[in-house]
Amino acid sequence: MTVTTDLVSYEDALASYDPVMGLEVHVELGTKTKMFCGCSTTLGADANSQTCPTCLGLPGSLPVVNAIGVESAIKIGLALNCSIAEWCRFARKNYFYPDMPKNFQTSQYDEPIAFDGYLDVQLEDGEVFRVEIERAHMEEDTGKSTHVGGATGRIHGASHSLLDYNRAGIPLIEIVTKPIEGAGERAPEVAKAYVAELREVIKSLDVSEARMDKGQMRCDVNLSLRPNGTKEFGTRSETKNVNSLRSVERAARFEIQRHAAVLSSGGTIVQETRHFHEDDGSTTSGRIKDNAEDYRYFPEPDLVPVAPAREWVEELRAGLPEMPRVRRNRLREEWGVTEHDMQSMLNAGAVDPIVATIDAGAPADQARKWWMGELARNANEQGKALDELSITPEQVARVTALVAAGDLNDKLARQVIEGVLAGEGDPDAVVEKRGLKVVSDEGALTAAVEEAIAGNQAIADKIRGGKVAAAGALVGAVMKATRGQADAARVKELILEKLGVEG
Ligand code: ADP
Ligand code: MG
Ligand code: ZN
């Protein structure tokens, strides 16, 4: 960025000011069709191929509510400990923007489907911080503009813009927190932990993949400062569309430092939206947004009110999965690992693959070892997520079974995994094709041992003379000769036996 912004150090900012945050998270639901019409939501289709009169806002078209959209909203509301409205309506949020063909967004205003909840998030030091939820409401996404001809891809400097309405009408749930107070210096950490936990919750409900890198989940970070010890909120800035966990944390941190610089030099914060910049973690001014902004909301006359039956809500509540934090704590105890190790597994996206591998019959420690070791390394190298690797939990479990049966040692197991990842087939097929079995045939082993002794007389003499530690070199020679396919412990036994030394 060329814009330089005055900042004070994070420590100095916190010495004088207390941050208050508000997080607005948009989640794109994974429904097959759009929120108010039957158009497909599949990504990657040709521009404007997934549109109809309703999502193009043509006169005379009528919307119909997607039942799965409502069901997903209720599930999210319940998982966030919200009350579910007995009766609520959609509202028109009126404004003009080219990527919104109806000239209004169908949203919810003063009657959200879910309200007054909370989400407990665990911080790095293990402390649990409760974030209160104001509301979760249903709305629709806009289309997508592509500004062509400028240097930045922004509208400024562009010669023309292209519009794709495939995304117009895809269901969104917006989840808004109450002002988050009392986080102090941990405000950026709380913001990140909240979005991370929310994402886990959404994924566990199976209502969205909630991938931030794909824009399926994005966060607006509202932040204000007030002098330490005071109650009244300061003026907030709203950093829009932050799209990674790390960026949420950085945006909050940057805004704390920027607000503090403005306030401590006697300036005033303007209520505005801001853009976050990944490259240097800064934010720059967007549009001024005062509270008088008027969208002329009014109830949507073309849609019936949503009045979810209590029996349905209770049925959905009863069907909720174990919540991620509870599940994590349960697994942490079952596996006997530390908070820190659990966090690493979570960050690596390894918990679900590990559980699936255990379910497929692998011992827990082995499942953890492979997913957090060899497979994490591979995923890293390929720039993939663990669940995108071309190996299944069942295949990993099979490898651990071959190791347990003594058919493979760790070194061979790594080669088997490498083969599976390279598309050579199931573990057994890779073992077969690559000829990767532990050499347990005593005759073959004895021959290899004798050969190693014959070729390394000096070392053999040392061992005979009592330097048992020197046996390592001979074991190495045998392993090399058998291309790693011997059981190293048995090789050592044989060497000592041959040389007439006690192990
Ligand atoms: P808008 O529609 O302008 O984005 P909302 O009320 O929907 O406003 O959301 C604002 C978010 O910011 C909410 O999470 C709210 O709790 C939070 N918030 C409101 N006032 C402040 C403030 N002064 N400082 C920090 N956060 C605030
Ligand atoms: Mg907002
Ligand atoms: Zn449509």
Side-chain angles (χ1 to χ4, degrees), residues 17-26 31-42 45 48-58 61-66 69 91 93 95 101-102 105-110 112 115-119 131-137 139-143 164-171 174-183 187 190-191 194-195 198 218-226 230-241 248 251-252 255-256 259 263 268-274 286-295 297:
Y17 299 102
D18 177 26
V20 175
M21 281 188 308
L23 301 168
E24 297 168 82
V25 173
H26 284 91
T31 54
K32 290 201 171 65
T33 56
K34 293 187 181 180
M35 192 64 197
F36 304 111
C37 63
C39 289
S40 165
T41 56
T42 312
N48 297 306
S49 63
Q50 293 168 341
T51 55
C52 72
T54 299
C55 56
L56 288 175
L58 300 187
S61 60
L62 284 173
V64 176
V65 177
N66 181 333
K93 182 180 183 181
Y95 64 100
K102 298 187 294 189
Q105 179 190 31
T106 307
S107 181
Q108 291 196 285
Y109 182 47
D110 49 355
F115 52 93
D116 284 347
Y118 63 86
L119 180 63
V131 174
E132 301 205 69
I133 310 285
E134 165 100 30
R135 57 193 278 148
H137 70 249
E139 57 182 40
E140 59 178 337
D141 213 343
T142 58
D164 175 6
Y165 292 115
N166 283 354
R167 201 178 67 186
I170 290 196
E174 177 173 350
I175 300 144
V176 183
T177 69
K178 293 185 179 166
I180 302 169
E181 301 177 64
V190 167
Y194 166 75
V195 179
L198 183 57
R218 36 198 199 260
C219 178
D220 300 341
V221 180
N222 293 269
L223 190 130
S224 67
L225 295 184
R226 57 186 173 191
T230 64
K231 279 257 157 280
E232 201 187 326
F233 293 168
T235 303
R236 67 184 156 113
S237 57
E238 181 178 356
T239 306
K240 302 291 280 185
N241 290 326
V248 168
E255 283 297 282
I256 289 173
H259 280 226
L263 295 173
T268 47
I269 293 291
V270 197
Q271 187 168 333
E272 62 180 358
T273 65
R274 296 185 67 87
R287 76 191 148 90
I288 304 291
K289 185 176 177 183
D290 53 38
N291 284 324
E293 192 171 45
D294 192 349
Y295 290 111
Y297 278 102

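In listed order, ligands and their atoms are each counted from 1.
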Test side-chain hydrogen bond (donor to acceptor under 3.5 Å, both in side chains) applied to [X] - qualifying residues, sequence neighbours left out:
| X | result |
| --- | --- |
| T106 | K102, E140 |
| R226 | D18, E181 |
| T33 | N66 |

### Query
Should one rank H137, R236, E238, K240 by closest heavy-atom distance to atom 8 (O) of ligand 1, which comes out on top?
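Heavy atom nearest to atom 8 (O) of ligand 1 belongs to R236.
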### Query
Who gets closest to atom 11 (C) of ligand 1 by heavy atom: N222, L223, V131?
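Shortest heavy-atom distance from atom 11 (C) of ligand 1: N222.
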Donor-acceptor contact present, side-chain [X] to main-chain [Y], <3.5 Å:
| X | Y | result |
| --- | --- | --- |
| T31 | G69 | no |
| R135 | Y109 | yes |
| D220 | E238 | no |

### Message
Testing E255, R274, E272 one by one against S237 for a side-chain hydrogen bond (donor to acceptor under 3.5 Å, both in side chains), which residue passes?
### Response
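When side-chain hydrogen bond (donor to acceptor under 3.5 Å, both in side chains) is applied between S237 and each of E255, R274, E272, only E255 qualifies.
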Going by the atom numbers of ligand 1, which of them fall below 4.0 Å from some non-hydrogen atom of [X]?
| X | value |
| --- | --- |
| G22 | 12 (O), 14 (O), 17 (C), 26 (N) |
| K178 | 16 (O) |
| L23 | 14 (O) |
| G234 | 23 (N) |
| P179 | 16 (O) |
| T177 | 13 (C), 14 (O), 15 (C), 16 (O) |

### Query
Taking it one step at a time, do T42 and Q50 satisfy side chain to side chain contact (heavy atoms under 4.5 Å, CB included)?
CA-CA 9 Å; T42 312; Q50 293 168 341; 3.8 Å; yes
### Query
Got a salt bridge between D141 and K34, using NZ or NE/NH1/NH2 to carboxylate O under 4.0 Å?
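Looking at K34 together with D141, the answer is no, because their closest N to O distance does not fall below 4.0 Å.
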### Query
Can you find a non-hydrogen atom of M21 under 4.0 Å from ligand 1?
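Checking ligand 1 against M21, which is what was asked, there is a heavy-atom contact under 4.0 Å.
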#### Entry: Side-chain H-bond candidate by donor/acceptor type, H137 with E139, under 3.5 Å
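Present: a donor and an acceptor within the cut-off.
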### Message
Below a 4.0 angstrom heavy-atom separation, can you tell me which part of I180, side chain or backbone, both or neither, approaches ligand 1?
### Response
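Looking at I180 and ligand 1, no heavy atom falls under 4.0 Å.
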### Query
With a 4.0 Å heavy-atom cut-off (strictly under), which part of V176 contacts ligand 1: side chain, backbone, both or neither?
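Near ligand 1, V176 shows its side chain, while the N, CA, C and O stay back.
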### Task
Spell out the protein N/O/S atoms under 2.8 Å from the Zn ion (ligand 3) as residue plus atom name.
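Result, waters dropped: C37 SG, C39 SG, C52 SG, C55 SG.
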### Task
Taking the six-membered ring of Y297 (Phe, Tyr or Trp), confirm whether the NZ or CZ of K93 is under 6.0 Å from its centre and within 45° of its axis.
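Pair K93/Y297 does not count as cation-pi.
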